[in-house]
Amino acid sequence: MTVTKHASGPAIIVLCVALAACSSPPDQPSANDTAVNEHVVETPAVETNTEAPTKSILRPEVVEPAPEAPPLQPVDRIIAFDEGGDTLTDAARRALDELATNPLVEAGGALTVRGHSDTRGSDRVNLRSSRKRAEAVRDYLVAKDIAPDRLTVIALGETTPLVPNAHPDGSDDPEARKKNRRVEVHVALPAAPPPAEDAPVDNGVAPAT
């Protein structure tokens with residue numbers, strides 16, 4: 001009994017030490033932990049933007065190149081006239097208004113105005129009528145600020161019809177004669193500028209006499 005009593009003393013001491021360790025506050029850092037934490041630097045959180053940017057800030061906006069204008073081509077217009085008349089109709093004025101704003105006309109191309117007639121009447125009368133029609137077209141274009149020296153008037157009378165003035169059996173064809181009473185306007189391409197002359201080179205040598 002005496003041995004058992006003395007043997008239980010160390011066990012009691014070990015048990016007390018264990019209980020004391022369990023009862024210490026767990027949240028209090030040790031001296032070693034405090035020294036380590038002094039060298040730790042918090043890294044700020046980086047916000048990530050998942051939305052795509054609305055436009056690039058590294059280069060200017062891309063602009064589509066403007067399409068090239070098509071090359072100018074000669075223009076031909078036919079202006080119709082009423083039977084026996086040499087004044088412009090409303091349709092003729094609209095056609096000439098459109099022609100006056102054509103890029104080729106605005107570029108300075110020369111205009112040739114040819115007057116025509118049908119075969120009703122004498123050659124002399126038809127020639128005079130064709131000239132008056134051509135002059136009416138010329139005067140209207142001049143009023144549209146086209147220089148008179150750009151316009152050339154030619155009277156052809158009944159000599160160059162578009163279609164025969166009569167049916168194959170020789171009877172009159174009013175619709176065909178209507179097509180032949182006309183003024184044809186041709187707009188040519190602007191004349192190319194003359195080449196520039198090279199300036200003489202002064203090489204210090206006097207010209208031969």
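Predicted model, so just to flag it, every value in this text is computed and none were measured.
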Considering only heavy atoms from C-beta outward, does the side chain of [X] approach that of [Y] to under 4.5 Å?
| X | Y | value |
| --- | --- | --- |
| Leu104 | Gln73 | no |
| Phe81 | Thr89 | no |
| Val187 | Pro74 | no |
| Arg120 | Glu158 | no |

Near Asp97 CG, under 6.0 Å, is it more than 12 heavy atoms from other residues, nucleotides or ligands?
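Correct, the count exceeds 12.
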
Polar side chain donor-acceptor pair, Asn165 to Asn180, under 3.5 angstrom:
yes

Indicate yes or no for a side-chain donor-acceptor contact from [X] to the backbone of [Y] under 3.5 Å, with no hydrogens or angles considered.
| X | Y | result |
| --- | --- | --- |
| Ser171 | His167 | no |
| Arg150 | Val105 | yes |
| Ser130 | Gly157 | yes |

Decide, yes or no, whether a salt bridge links [X] with [Y] under the criterion of side-chain N to carboxylate O below 4.0 Å.
| X | Y | result |
| --- | --- | --- |
| Asp86 | Arg133 | no |
| Arg182 | Glu184 | yes |
| Lys178 | Glu83 | no |
| Arg93 | Asp90 | yes |

For residues Val142 and Leu96: do they belong to one hydrophobic cluster (side chain heavy atoms under 4.5 Å, members Ile, Leu, Val, Met, Phe, Trp, Tyr)?
yes

Kindly work out whether a path of hydrophobic side-chain contacts (I/L/V/M/F/W/Y, heavy atoms less than 4.5 Å apart) joins Ile154 to Val185.
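Per the 4.5 Å side-chain linkage, Ile154 and Val185 are not co-clustered.
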
Separation between CG of Asn126 and CG of Leu156, rounded to the nearest 0.5 Å
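Reported to 0.5 Å precision, the distance equals 12.0 Å.
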
Atom pair OH (Tyr140) and OG1 (Thr87), whose distance is rounded to the nearest 0.5 Å
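So the gap between those two atoms works out to 13.0 Å.
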
